[in-house]
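Below, chains carry the letters A, B, ... as their sequence lines are ordered, and counting in each starts from 1.
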2 protein chains.
Amino acid sequence: MDRLTALQVFRQVAELNSFAEAGRRLGLSPPAISKNIAELEADLGVRLINRTTRRMALTEEGRIYLEHVTQGLDALARADQVLGPIKTAPSGTLRVSAPMTVTLTRLSAAMPAFLSRYPDLKLDLHLDDRRVDIVREGFDLAIRGSDNLEDSSLVARKLAIMPHVICAAPSYFEKHGRPKTPADLKAANCIRFSLSGHADIWEFRKDGRAERIAIDGRYSVSSSLAVRDALRAGFGVSLIPYLYVESDLKAGRLQSALDDWDKVETTLYAVYPARQHLAPKIRVFLDFLIEEFSRDKEKPFVPPRREGSAKRGVGEATDAENQAEILPAISSP
Amino acid sequence: MDRLTALQVFRQVAELNSFAEAGRRLGLSPPAISKNIAELEADLGVRLINRTTRRMALTEEGRIYLEHVTQGLDALARADQVLGPIKTAPSGTLRVSAPMTVTLTRLSAAMPAFLSRYPDLKLDLHLDDRRVDIVREGFDLAIRGSDNLEDSSLVARKLAIMPHVICAAPSYFEKHGRPKTPADLKAANCIRFSLSGHADIWEFRKDGRAERIAIDGRYSVSSSLAVRDALRAGFGVSLIPYLYVESDLKAGRLQSALDDWDKVETTLYAVYPARQHLAPKIRVFLDFLIEEFSRDKEKPFVPPRREGSAKRGVGEATDAENQAEILPAISSP
DNA sequence: AGACATTATTTACTAGAAGAGAATGGTGAG
DNA sequence: CTCACCATTCTCTTCTAGTAAATAATGTCT
């Protein structure tokens, strides 16, 4: 039997002093009320209500039981009520894990605006280029690049595509020469972002032809910002998201190379545990991310590339592609 | 869905941090756990637990919900626990309604012994010769004679049979003559116990013949003790339970008449609301009553009566007859 | 690395229960 | 004294809660 409804029936009957009236209030037929009370009594082995067809009164046991039951039911009702506002408006603490560099270069400036839009929301933003276990560490959402994607049973929402460029400082190219083909990179001092999924092998495509170059170099570091610093210093060449070096390229501090080859595109995803019953705080942050990255549509930047094969820039993914999708596990070959 | 089990499942899962383990503890299969959680979440519209196949963690909403749910479940569990001792040992307050005279003459002397046998029990004994509505007035048990029995849907347990005698003071008989036949009573000054079911018509039987005598008299009173006082004073004649006048008859203060006729027998019943889930306090009092009235078996008193048709005295009912029985309504003809 | 074990979930499928409706017996009010 | 209402019983239907088997995912232990 459904104990909870039985208890609610008991309470209602006790308060109204009538089986029939309780039935009407609860939307149950008189037989249902009778049965519930009788089963509850049978279950407890205690008579709770003395009743004739015309009159009813709680037994002493019934009064004692009712007292505790009322407390319990009220507490449970309160539990449901507490969820009401949470279910509707963003509140509580939002724990987000995001990669360091893309956040600092593209996102963190907008965070205060986001937070002031939702006054009841607290944000706990962890900048970490590692791929964190968002369930174990209790994150509501993580931003990660496709090179770091592995979890399945999580939902991933595409945020942006980040084209990469091969670049170095003009001084570096002057000293070591500007690579004309991907193979030229084998001899170059390649600065590697160690946490990237494609740290040691850089892949290039052109006219359906793919070249996978195992690169090497003297500097491997776990932050793209450090990579950029090294590039600026003319220490070597690297494959790096265009976004991170956009201003450097425009200012001439860095120069790109191999522009007529297609390079890796890291797709940026928002990853969260489930699509069902998405908490408003997450929903709202997700919308913020989408809105923020789609801002590039208005002032699109297009990385230098060869003619006739223009790729979409960051935030230019189509609506269809932007549908969240369950990611299949990426099985390593 | 059964919300209560869903909540218990949720709690257990949260505490053990494992669906499978919770299932084992609760005696449910893993799918049942999954379904319960999923349905609870669907019902609330809130995700409570983030989970992969390998790891799970409460969401912030889950933690908040759990807190209240735990309180509620604990309160409900306490409700059940509180009933435990009550269900086992007699405790609380026992409210009993009993007729004045039989209680004072036969029962009240033994009450202290009964109460000291059950230290946790309080007795609220209402001496009232009216037929009270035991449900409306919240009595656990009522003692009443068969002449006062009318309730149905109540359980009645036979306690004793109370034979009646026709008697008066010797002085009365000397002055007004001793009745030889029931019809002689029509002329007598009959003292009536007004609350009796047979106050105005006294019935006699002999050899299958029944005589119903409509009697009259100058004194009608609502207490049998007052009737006895009047008898002792030689004011009139009355039909009265033998028990009430036993000592008077033995001492010669009163004398019986019409001994060769069978007279009314009031059967004494214990009446209580239900046989199912009989509270120990009631069970124990019922046993006390039965034991107390059965004491007469050892020193039986037999009212004076004609030879060859000896009736059973108080407490001599057979075991089979002592089975509690649901009383049919006594429909007046 | 790879086989294994454990875990959460999905999909049928089934036993059981919860509730409605009709009928019954009982009770108070007008 | 009739009427209306009430609690209960019985029967029946529907729906649900559970299991078993199968699947997918993931951590662990040689």
Side-chain angles (χ1 to χ4, degrees), chain A residues 1-10 13 16-24 26-43 47-57 131 133-136 150-155 273-274 276 326-333, chain B residues 1-10 13 16-24 26-43 47-57 131 133-136 150-154 273-274 276 326-332:
Chain A
M1 82 163 175
D2 187 349
R3 183 67 160 270
L4 193 63
T5 52
L7 293 177
Q8 286 165 338
V9 164
F10 170 58
V13 165
L16 297 174
N17 232 277
S18 159
F19 279 48
E21 185 58 26
R24 259 168 257 136
L26 295 172
L28 290 175
S29 63
I33 306 292
S34 263
K35 236 199 257 180
N36 269 289
I37 298 292
E39 281 180 28
L40 181 60
E41 289 180 330
D43 216 50
R47 186 166 179 93
L48 299 170
I49 301 177
N50 283 330
R51 47 201 184 275
T52 65
T53 47
R54 223 49 190 174
R55 218 169 300 281
M56 54 144 290
R131 175 170 47 77
D133 181 333
I134 78 171
V135 174
R136 184 211 291 260
E150 182 177 330
D151 285 319
S152 81
S153 82
L154 295 180
V155 181
Q276 291 157 345
I326 302 244
L327 289 177
I330 297 176
S331 48
S332 36
Chain B
M1 81 162 177
D2 188 349
R3 183 67 159 269
L4 193 63
T5 52
L7 293 176
Q8 286 166 338
V9 164
F10 170 58
V13 165
L16 297 174
N17 232 277
S18 159
F19 279 46
E21 184 59 26
R24 259 168 258 136
L26 295 171
L28 289 175
S29 62
I33 306 292
S34 263
K35 239 201 252 177
N36 269 290
I37 299 292
E39 281 181 27
L40 182 59
E41 289 180 329
D43 216 50
R47 187 166 178 93
L48 299 170
I49 301 176
N50 283 330
R51 46 201 184 273
T52 65
T53 49
R54 223 52 190 174
R55 218 170 301 282
M56 54 144 289
R131 174 170 46 78
D133 182 334
I134 78 171
V135 173
R136 182 211 292 259
E150 181 176 328
D151 285 320
S152 80
S153 81
L154 296 180
Q276 291 157 347
I326 301 239
L327 290 178
I330 297 178
S331 48
S332 36

CD1 of A:Ile49 to CD of A:Glu41, rounded to nearest 0.5 Å, is 6.5 Å
When rounded to whole Å, the CG to C1' distance for the pair B:Leu40 and C:dA8 reads 17 Å
State which of D:dT26, C:dG19, D:dT19 makes the closest approach to the side chain of A:Ser29.
C:dG19
What integer distance in Å separates A:Ile33:CD1 from D:dC5:P?
18 Å
Please check the phosphate of C:dT7 (OP1 and OP2 only) for any side-chain N or O of B:Arg55 closer than 4.0 Å.
no
Report the nucleotide, chosen from C:dG19, D:dT19, C:dA5, that has the shortest atom-to-atom distance to any side-chain atom of B:Arg54.
C:dA5
Across the strands shown, which category fits B:Leu28 at heavy-atom distances under 4.0 angstrom: base, sugar-phosphate, nothing?
sugar-phosphate
With sugar-phosphate meaning primed atoms plus P, OP1 and OP2, does A:Glu39 contact a base, only sugar-phosphate, or nothing at under 4.0 Å between heavy atoms?
sugar-phosphate
Measure the distance from CG on B:Asn17 to P on C:dT6 and round it to the nearest whole Å.
19 Å
Run the numbers on A:Leu26 and A:Val9 for side-chain contact (heavy atoms from CB on, under 4.5 Å), then give the verdict.
CA-CA 8 Å; A:Leu26 295 172; A:Val9 164; 3.8 Å; yes
Measure from the side chain of B:Ala32, starting at C-beta and using heavy atoms only, and say which of C:dG19, D:dT8, D:dG18 lies closest.
D:dG18
Rounded to the nearest 0.5 Å, how far apart are OG of A:Ser34 and CD of A:Glu39?
11.0 Å
What's A:Arg3 touching, base or sugar-phosphate or nothing? Going by heavy atoms closer than 4.0 Å.
nothing
Check the distance between D:dT26's C1' and B:Met56's CE and give it to me in whole angstrom.
16 Å
So which nucleotide from D:dT19, D:dC6, C:dT9 ends up closest to the side chain of B:Lys35?
D:dT19
Measure CD/B:Glu21 against P/C:dA8 and give the value in whole Å, please.
10 Å
If you look at every strand shown and take non-hydrogen atoms under 4.0 Å, does A:Gly27 touch a base, only sugar-phosphate, or nothing?
sugar-phosphate
Between C:dG19, C:dT7, D:dT9, which nucleotide has the shortest distance from any of its atoms to the side chain of A:Pro31?
D:dT9
Quick check on D:dT8: is either OP1 or OP2 less than 4.0 Å from any side-chain nitrogen or oxygen of A:Ser34?
yes
Walking DNA chain D from its 5' end, the first of B:Asn36 and A:Ser18 to be reached, judged by nearest nucleotide, is A:Ser18
Side-chain N or O of A:Arg136 closer than 4.0 Å to phosphate OP1/OP2 of D:dG27:
no
Do A:Arg51 and B:Val135 make a side-chain contact, defined as non-hydrogen atoms from C-beta onward lying under 4.5 Å apart?
no
B:Ala32 backbone acceptor or donor facing B:Asn36 side chain under 3.5 Å:
yes
With the side chain defined as heavy atoms from C-beta on, B:Phe19 is closest, among D:dC6, C:dT9, C:dA5, to C:dT9
Counting side-chain heavy atoms from CB outward, which of C:dT7, D:dA7, D:dT8 is closest to A:Arg51?
D:dT8
Without decimals, in angstroms, what is the distance between B:Asn50 CG and C:dT9 P?
11 Å
